[in-house]
Amino acid sequence: MTNASELIDDLQWRGLIAVSTDLEALREALDAGPVTYYCGFDPTAPSLHIGSLVQILTLRRLQQAGHRPLALVGGATGLIGDPKPNAERTLNSAETVAQWVGRVRAQIEPYLSFEGDNAAVMVNNLDWTAPMSAIDLLRDIGKHFRVNKMIAKEAVSARLNSDAGISYTEFSYQILQGMDFLELYRRHGCVLQTGGSDQWGNLTAGLDLIHRVEGRTAHAFATPLVTKADGTKFGKTESGTVWLDAEMTSPYAFYQFWVNADDRDVAAYLKVFSFRTREEIEDLEKAAAKRPAAREAQRALADELTALVHGQQQRDAVVAASQALFGRGALADLDPATLLSALAELPRARAVRAADGSWPTVVELLAQTGLSPSRSAARRAVSEGGAYLNNVRVTTEDAHPADADLLGGRWLVLRRGKRNLAAVDTAEPGTED
RNA sequence: GGCAGGUUGCCCGAGUGGCCAAAGGGAGCGGACUGUAAAUCCGCCGGCUCAGCCUACGUUGGUUCGAACCCAACACCUGCCA
């Protein structure tokens, strides 16, 4: 077991502790032996996204230090909805939530070990919430919650002051999460809860409840909100949220997300997400400062996380694809296998010959593949010198691909700007492979 | 309920009868550039069958050769008074 000071120091150095209860008390508890701790994930979508990765990896870090994780998937809280600052959530059906519980659970499992003395346990708060009657909830739990305190919580007060207001349903959310901590304390001796800083109000609801009911002081710490230097929301790209599910965000897109991290953010991301040692991370920071254009730090981060989330094999495939697509060599020189796997990662469009045997113009293809939102934009891209066919700049607006351009006799690679790529398949419909 | 002001492109915001697809700023996009990052500079930034046409300045209708701009009604927002 890693000693407590080392563990806490490492978490602090990584910037993973944004707010916490008494850290000295937590150190003592961690030193006294393996601590059982938990973090909850609500099934609000069929997959978690990279924002949740901070929580998952924090669970993993603590387990690697010898402590015992409980990963809670909120079958009950997912039916209620955690108050968002701006708007009331739409309720999902019980079937949907149940299905998402299964998916989210399967998504978390690979990061934890279910063997050994500190084996992880998956729990679902529906198990203790569903059987409870309204009377039990109001008498046994509700009596310990002061409304004055509940409305003071940031999530609730923001909503009370907003036009959206807040439903009793969402107002009650903190009671359920507080109850979870109490229940896990009773069932598993859980004395530490982690979560995102936006959850702090909910974490403290549990601490208070345990204190009132059990007379015991438990611990909690919250990870910071991961931010981006340009002020936009972390975990989003032009094409939407970066999900952990390979079907929803391809491993290639996932890898590209990290490769494209801003220089100003990459050091912080390494600390939060990477399992590299402090020395290794500091070396990467130095390399980034010295030669930013090489972007070694981004590559290291993308490599590690793609392997962690999608596996070594996928990592190798997307790295090879990225090198092929962004490399210096001519695409025509690539071996067919590498070419095909690289193309598999890209958005795809199909092209057919016109009656006279010619292929559609590059402008047409840019619009069709979605690389440019309209034909006007595609035309502009060409006139600005930002359109490429097989990584060669297209210089005239009426340029057509020629048969000689077809890679492997069939494919075209289109690019707009530095990093937006798409594949065009020219095979006759029905004749492909 | 009364009075006053407002509603412009992704956002902020100028424009009060033709020179307005609409100033300026932000965001975004492209290029240069040191590998897909940043900074900086330059260019672009409604659509199309692109020297032209179409759509667009809250909604609907009207005045006019011509309207984002004038008039009327409606909707929503803001301020002051009750």
Side-chain angles (χ1 to χ4, degrees), chain A residues 86 162-164 226-234 236-240 242 249-270 273 284-303 305-306 315 318-331 334 342-343 345-347 354-355 358 360-400 413-423:
Chain A
N86 304 317
S162 80
D163 297 336
V226 180
T227 56
K228 282 175 70 181
D230 65 9
T232 58
K233 205 173 169 189
F234 173 78
K236 300 266 185 194
T237 66
E238 295 163 51
S239 40
V242 181
T249 297
S250 73
Y252 171 80
F254 182 87
Y255 177 83
Q256 287 293 324
F257 171 81
W258 297 107
V259 166
N260 283 307
D262 194 311
D263 285 345
R264 294 167 292 181
D265 292 322
V266 70
Y269 292 175
L270 279 165
F273 294 100
L284 283 167
E285 275 186 69
K286 278 180 211 145
K290 196 173 161 198
R291 225 157 54 91
R295 293 176 34 265
E296 253 178 81
Q298 278 93 334
R299 252 171 268 279
L301 178 68
D303 260 37
L305 288 173
T306 308
R315 200 280 313 261
V318 301
V319 168
S322 298
Q323 278 171 356
L325 296 167
F326 290 102
R328 301 283 185 143
L331 283 170
L334 286 179
L343 292 175
E345 309 295 348
L346 303 178
S358 66
T361 59
V362 170
V363 165
E364 182 69 41
L365 293 170
L366 282 168
Q368 268 181 34
T369 52
L371 283 183
S372 295
S374 67
R375 307 171 104 269
S376 294
R379 205 169 270 126
R380 230 177 280 131
V382 172
S383 70
E384 290 173 335
Y388 306 80
L389 175 65
N390 296 342
N391 283 348
V392 178
R393 177 173 287 165
V394 174
T395 52
T396 54
E397 285 192 20
D398 54 356
H400 293 257
V413 174
L414 283 175
R415 190 170 101 220
R416 197 207 80 232
K418 285 179 202 169
R419 56 179 189 232
N420 303 293
L421 291 146

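Chain naming here is simple, since letters A, B, ... match the order of the sequence lines and numbering starts at 1 in each.
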Legend entry - Heavy-atom donor-acceptor pair, A:Asn391 side chain to A:Phe326 backbone, under 3.5 Å: no

Inset, instruction - Take the protein atom CG of A:Leu366 and the nucleotide atom P of B:C44, then report the distance between them rounded to whole Å. - result: 20 Å

Inset, instruction - Quick one: pull up CZ in A:Phe273 and CG in A:Leu305 and give me the separation to the nearest 0.5 Å. - result: 7.0 Å

Inset, instruction - Using heavy atoms to find the nearest nucleotide of RNA chain B for A:Ala293 and A:Ala387 separately, return the residue whose nucleotide is more 5′. - result: A:Ala387

Legend entry - G-U wobble or Watson-Crick pairing nucleotide for B:U40 (cut-off 3.5 Å, both distances): B:A32

Inset, instruction - Round to the nearest Å and state the distance from A:Glu397 atom CD to B:G30 atom P. - result: 17 Å

Inset, instruction - Under 4.0 Å between any heavy atoms, over every strand shown, what does A:Tyr388 touch: base, sugar-phosphate, or nothing? Just pick one. - result: sugar-phosphate

Inset, instruction - Look at A:Arg380 and B:G47 and indicate whether a side-chain polar atom (N or O) is within less than 4.0 Å of OP1 or OP2. - result: yes

Inset, instruction - Look at the rings of A:Trp258 and A:Phe234 and say which category their plane angle falls in: under 30° parallel, 30 to 60° tilted, over 60° perpendicular. - result: tilted

Inset, instruction - With a 3.5 angstrom cut-off on both distances, give the Watson-Crick or G-U wobble partner of B:U49, or none if there isn't one. - result: none

Inset, instruction - Grab the CG-C1' distance between A:Leu325 and B:U36 for me, whole Å please. - result: 11 Å

Inset, instruction - For B:U60 and B:A51, measure between their P atoms and round to the nearest Å. - result: 31 Å

Inset, instruction - Verify the contact: side-chain N or O of A:Asn420 to OP1 or OP2 of B:G30, cut-off strictly under 4.0 Å; return yes or no. - result: yes

Legend entry - Side chain A:Glu384 and base B:G31 donor-acceptor under 3.5 Å: no

Inset, instruction - Provide, to the nearest angstrom, the distance between the CG atom belonging to A:Asp263 and the C1' atom belonging to B:U34. - result: 11 Å

Legend entry - Separation between the C1' atoms of B:A27 and B:C44, rounded to whole Å: 14 Å

Inset, instruction - Using modelled atom types only, decide if a donor and an acceptor are shared between the side chain of A:Arg393 and the backbone of A:Gly385 within a distance under 3.5 Å. - result: yes

Inset, instruction - Using the P atoms only, state how far B:C12 lies from B:U7, rounded to an integer number of Å. - result: 12 Å

Legend entry - A:Arg380 side chain vs A:Val382 backbone, donor-acceptor pair below 3.5 Å: no

Inset, instruction - Return the minimal non-hydrogen interatomic distance between A:Val413 and A:Leu343, and the atom names on each side. - result: CG2-CD2, 3.5 Å

Legend entry - Euclidean distance, atom CG of residue A:Leu270 to atom C1' of B:A37 [Å, nearest integer]: 14 Å

Inset, instruction - When you get a sec, tell me which of B:U36, B:A37, B:C48 is the closest nucleotide to the side chain of A:Gln298? - result: B:A37

Inset, instruction - Provide the Watson-Crick or G-U wobble partner of B:A82, both distances under 3.5 Å; none if there is no partner. - result: none

Legend entry - Whole-Å distance separating the NZ atom of A:Lys290 from the P atom of B:G35: 16 Å

Legend entry - Pair partner, B:A23 [Watson-Crick or wobble, under 3.5 Å]: none

Legend entry - Residue matched to B:A68 through Watson-Crick or wobble contacts both under 3.5 angstrom: none

Legend entry - For atom CG of A:Leu371 and atom P of B:G28, their distance in whole Å: 19 Å

Inset, instruction - Determine the contact category for A:Ser322: base if any of its heavy atoms lies under 4.0 Å from a base atom, sugar-phosphate if only primed atoms, P, OP1 or OP2 are that close, otherwise nothing. - result: base

Legend entry - Donor-acceptor under 3.5 Å (A:Asn420 side chain, A:Arg416 main chain): yes

Inset, instruction - Check whether any side-chain N or O of A:Arg416 sits under 4.0 Å from OP1 or OP2 of B:G30, and answer yes or no. - result: yes

Legend entry - Distance below 4.0 Å between A:Arg419 side-chain N/O and B:A37 OP1 or OP2: yes

Inset, instruction - Quick one: label A:Ala294 by what it contacts on the DNA or RNA (base, sugar-phosphate, nothing), any heavy atom closer than 4.0 Å. - result: base

Legend entry - Euclidean distance for P, B:G1 against B:C74 (whole angstrom): 13 Å

Legend entry - 5′-ward residue of the pair A:Arg393/A:Tyr255 relative to RNA chain B: A:Arg393

Inset, instruction - Measure from OH on A:Tyr269 to C1' on B:A37 and round the result to the nearest Å. - result: 12 Å

Legend entry - Nearest-Å distance once atom C1' is located in both B:U16 and B:C69: 5 Å

Inset, instruction - Under 4.0 Å between any heavy atoms, over every strand shown, what does A:Asn260 touch: base, sugar-phosphate, or nothing? Just pick one. - result: base

Inset, instruction - Could you measure between the two P atoms, the one in B:A14 and the one in B:A82, and give it in whole Å? - result: 31 Å

Inset, instruction - Decide yes or no, distance alone: a donor-acceptor N/O pair under 3.5 angstrom between the base of B:C29 and the side-chain of A:Lys418. - result: no

Legend entry - Side-chain donor/acceptor of A:Thr306 to backbone N/O of A:Asp303, under 3.5 Å: no

Inset, instruction - Return no unless some side-chain N or O of A:Ser374 is found under 4.0 Å from OP1 or OP2 of B:C48. - result: yes

Legend entry - Integer angstrom distance from the P of B:G61 to that of B:C53: 25 Å

Legend entry - Inter-nucleotide P distance (B:A22, B:C77), Å rounded: 33 Å

Inset, instruction - With a 3.5 angstrom cut-off on both distances, give the Watson-Crick or G-U wobble partner of B:A73, or none if there isn't one. - result: B:U59

